[in-house]
**Q** 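Supplied in structure tokens, the structure appears directly below.
Because the structure is a prediction, the values reported are computed rather than measured.
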Amino acid sequence: MLFFKDLGCMDYLAALAVQEQLVRRKQVETFADILLFVEHPHVFTIGRGGDDANVLVPQEVPVYRTGRGGDVTYHGPGQLVVYPIVDLRSKLRKDVHRYVRNLEMTAIRTLKDFNLNGTRRSPYTGIWINDRKIAAIGVAVRRCITFHGLALNVNTDLSYFSRIIPCGLAWAEVTSMAKELGATQSVERVKERFLRHFVDVFGYADIKEELKDVNFPAGQKDFGFGATI
């Protein structure tokens, strides 16, 4: 079983708090893996070991250092951000490297549905179309539970990437589905395709849209899961 939830537009730190609560819960109780979709207001984030110098001119956009892998990236409107909360102790997902490969494959298959040829580009992370990066990946694992995840540029305003050195790669161009296809894309359709491929690649038997049967601790903010966390 996979639970999934679309959080809509949510502040980066609020979404991080949701992930932290779910990770802690999964560490002490057994329940299904979770896939979160979210869109963030404009924000720059720097991963573990990322270089502050790669944030050039943030201006009014907030900058947060966070616990994921990777360097600096941008999140904003028109971008699909995916946060899987996955238990790596499962027999289907034995290690972090396999987990990341599966996450990459999910994005590649999603892009293929839109006639885009996304590829891996070793040794760099993320998904590429030639020299143009279309999806960034930065994961974290805490006691075998994953969080953070993947950001796919759908209709993203790419001008914000000029304020940073994306992923610390000065030579890399950033692109989006809208730019590659020459037209604005349906984010809802991208979500639907991503969810279907995620279920297939990771081998889930069923999906459920809400988390009502999960007993979260009371007293915290209700993030729309049908229970408080």
Side-chain angles (χ1 to χ4, degrees), residues 1-7 15-16 18-39 47 67-70 75 79-114 116-122 124-128 134-154 177 187-214 216 223 225-226 229:
M1 171 71 73
L2 173 72
F3 288 121
F4 78 96
K5 182 68 178 180
D6 189 341
L7 299 178
L16 180 58
V18 173
Q19 294 177 75
E20 294 274 2
Q21 292 281 350
L22 293 172
V23 167
R24 285 195 292 269
R25 196 62 180 176
K26 277 185 68 64
Q27 287 171 345
V28 298
E29 287 191 14
T30 300
F31 61 86
D33 291 340
I34 303 160
L35 184 66
L36 302 175
F37 290 149
V38 68
E39 179 182 75
R68 60 164 174 79
H75 298 308
Q79 183 187 69
L80 174 59
V81 181
V82 181
Y83 293 137
I85 314 297
V86 172
D87 189 341
L88 293 179
R89 292 168 293 192
S90 166
K91 293 180 180 179
L92 291 175
R93 297 166 290 279
K94 295 181 180 179
D95 58 55
V96 176
H97 295 293
R98 184 177 180 185
Y99 165 73
V100 172
R101 289 195 300 271
N102 283 356
L103 196 55
E104 291 171 337
M105 182 54 65
T106 301
I108 289 170
R109 291 186 182 182
T110 300
L111 291 169
K112 188 175 181 180
D113 288 344
F114 295 83
L116 290 172
N117 184 30
T119 62
R120 299 180 177 95
R121 183 170 179 159
S122 181
Y124 309 110
T125 61
I127 303 302
W128 301 73
I134 196 166
I137 294 176
V139 303
V141 181
R142 182 179 299 159
R143 290 170 52 193
C144 294
I145 308 298
T146 71
F147 59 120
H148 294 281
L150 176 146
L152 175 61
N153 295 323
V154 183
M177 296 177 67
V187 178
E188 292 306 314
R189 183 168 174 241
V190 176
K191 290 176 184 176
E192 186 270 333
R193 299 313 304 166
F194 192 98
L195 177 61
R196 288 182 179 274
H197 289 303
F198 188 88
V199 168
D200 181 57
V201 170
F202 281 84
Y204 294 103
D206 197 8
I207 58 175
K208 189 171 184 179
E209 190 171 0
E210 300 206 9
L211 303 178
K212 290 182 178 178
D213 51 352
V214 178
F216 293 105
F223 285 99
F225 289 100
I229 63 174

**Q** Is the terminal nitrogen or CZ of Lys5 (NZ for Lys, CZ for Arg) located under 6.0 angstrom from the six-membered ring centre of Phe37 and within 45° of that ring's axis?
**A**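 Lys5 over Phe37 ring: no.
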**Q** Donor-acceptor pair, Arg120 side chain versus Arg101 backbone, under 3.5 Å?
**A**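 Yes; judged by distance alone, with no hydrogens or angles, the pair exists.
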**Q** Please tell me if the side chains of His197 and Met105 come closer than 4.5 Å, counting only heavy atoms from C-beta onward.
**A**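 Not in contact.
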**Q** Which atom names give the shortest non-hydrogen contact between Val141 and Thr146, and what distance separates them?
**A**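 Residues Val141 and Thr146, closest heavy atoms: CG2-CG2, 4.1 Å.
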**Q** I need the minimum non-hydrogen distance between Ala140 and Gly67, along with the two atoms involved.
**A**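 Closest approach of Ala140 to Gly67, heavy atoms only: CB-O, 3.7 Å.
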**Q** Please report the closest heavy-atom contact between Phe147 and Gln19, naming both atoms and the distance.
**A**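 Phe147 and Gln19 have their closest heavy atoms at CB-OE1, 3.5 Å.
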**Q** Could you walk me through whether Trp128 and Ile134 pass the side-chain contact (heavy atoms from CB on, under 4.5 Å) check?
**A** CA-CA 6 Å; Trp128 301 73; Ile134 196 166; over 6 Å; no
**Q** What are the two closest non-hydrogen atoms of Gly149 and Pro84, and how far apart are they?
**A**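 Nearest pair, atom of Gly149 first, then Pro84: CA-CD, 4.1 Å.
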**Q** Find the distance between CG (Asp87) and CD1 (Ile145) and round it off to the nearest 0.5 Å.
**A**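 Here the interatomic distance stands at 3.5 Å.
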**Q** Are the side chains of Phe4 and Ile34 in touch, meaning some heavy atoms are under 4.5 Å apart?
**A**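 They are not in contact (no side-chain heavy atoms under 4.5 Å apart), so the answer is no.
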**Q** Would you call Asp200 and Arg109 a salt bridge, taking side-chain N to carboxylate O under 4.0 Å as the test?
**A**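 Here Asp200 pairs with Arg109 in a salt bridge, since their nearest N and O are under 4.0 Å apart.
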**Q** Between atom CD of Glu192 and atom CG of Asp113, what is the distance when rounded to the nearest 0.5 Å?
**A**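 The distance works out to 8.5 Å.
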**Q** So do the side chains of Phe114 and Met177 get within less than 4.5 Å of each other, counting heavy atoms only?
**A**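 Of all side-chain heavy-atom pairs linking Met177 with Phe114, at least one is under 4.5 Å.
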**Q** What pair of heavy atoms forms the shortest contact from Gly138 to His148, and how long is it?
**A**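 Nearest heavy atoms, Gly138 then His148: O-CB, 3.2 Å.
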**Q** Tell me whether Arg193 forms a cation-pi arrangement with Phe198, defined as NZ or CZ under 6.0 Å from the six-membered ring centre and within 45 degrees of its axis.
**A**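 Geometry flag: not set, cation outside 6.0 Å or 45°.
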**Q** I need the Ile85 CD1 to Leu35 CG distance, nearest 0.5 Å.
**A**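 Reported value, rounded in 0.5 Å steps: 9.0 Å.
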**Q** Nearest 0.5 angstrom please: Ile127 CD1 to Leu152 CG, how far?
**A**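 Answer for the CD1-CG pair, Ile127 versus Leu152, is 9.0 Å.
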**Q** Are Val187 and Gln79 close enough that some pair of their side-chain heavy atoms sits under 4.5 Å apart?
**A**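 Answer no - side chains too far apart.
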**Q** When rounded to the nearest 0.5 angstrom, what is the spacing between OH in Tyr83 and CZ in Arg68?
**A**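 Answer for the OH-CZ pair, Tyr83 versus Arg68, is 8.5 Å.
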**Q** Taking the side chain as every heavy atom from C-beta outward, state whether Asn117 and Thr119 have any pair of such atoms under 4.5 Å apart.
**A**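 In contact.
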**Q** For Leu36 and Val18, run side-chain contact (heavy atoms from CB on, under 4.5 Å): C-alpha distance rounded to whole Å, both residues' side-chain angles, the deciding distance at 0.1 Å, then the answer.
**A** CA-CA 10 Å; Leu36 302 175; Val18 173; 4.0 Å; yes
**Q** For His75 and Ala151, work out which heavy atoms get closest and say how close.
**A**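 Smallest heavy-atom distance, with atoms named: CE1-CB, 3.6 Å.
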**Q** Can you confirm whether Arg196 is buried at CZ, in the sense that more than 12 heavy atoms of other residues, nucleotides or ligands lie under 6.0 Å from that atom?
**A**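 Counting other residues, nucleotides and ligands, CZ of Arg196 stays at 12 neighbours or fewer.
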**Q** Quick one, Thr110 and Ile108 - any side-chain contact, counting heavy atoms below 4.5 Å?
**A**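 No, side chains not in contact.
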**Q** Any side-chain heavy-atom pair from Glu39 and Val81 closer than 4.5 angstrom?
**A**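 Not touching, per the 4.5 Å side-chain cut-off.
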**Q** I want to check something: taking the side chain as every heavy atom from C-beta on, are Asp33 and Leu2 in contact at a cut-off of under 4.5 Å?
**A**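 The answer is yes; the side chains approach within 4.5 Å.
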**Q** The test is side-chain contact (heavy atoms from CB on, under 4.5 Å); show your working for Val100 and Asn102 and say whether it passes.
**A** CA-CA 5 Å; Val100 172; Asn102 283 356; over 6 Å; no
**Q** Mind checking the CD1-OH spacing from Ile137 to Tyr124? Nearest 0.5 Å is all I need.
**A**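 The CD1 atom of Ile137 sits 16.0 Å away from the OH atom of Tyr124.
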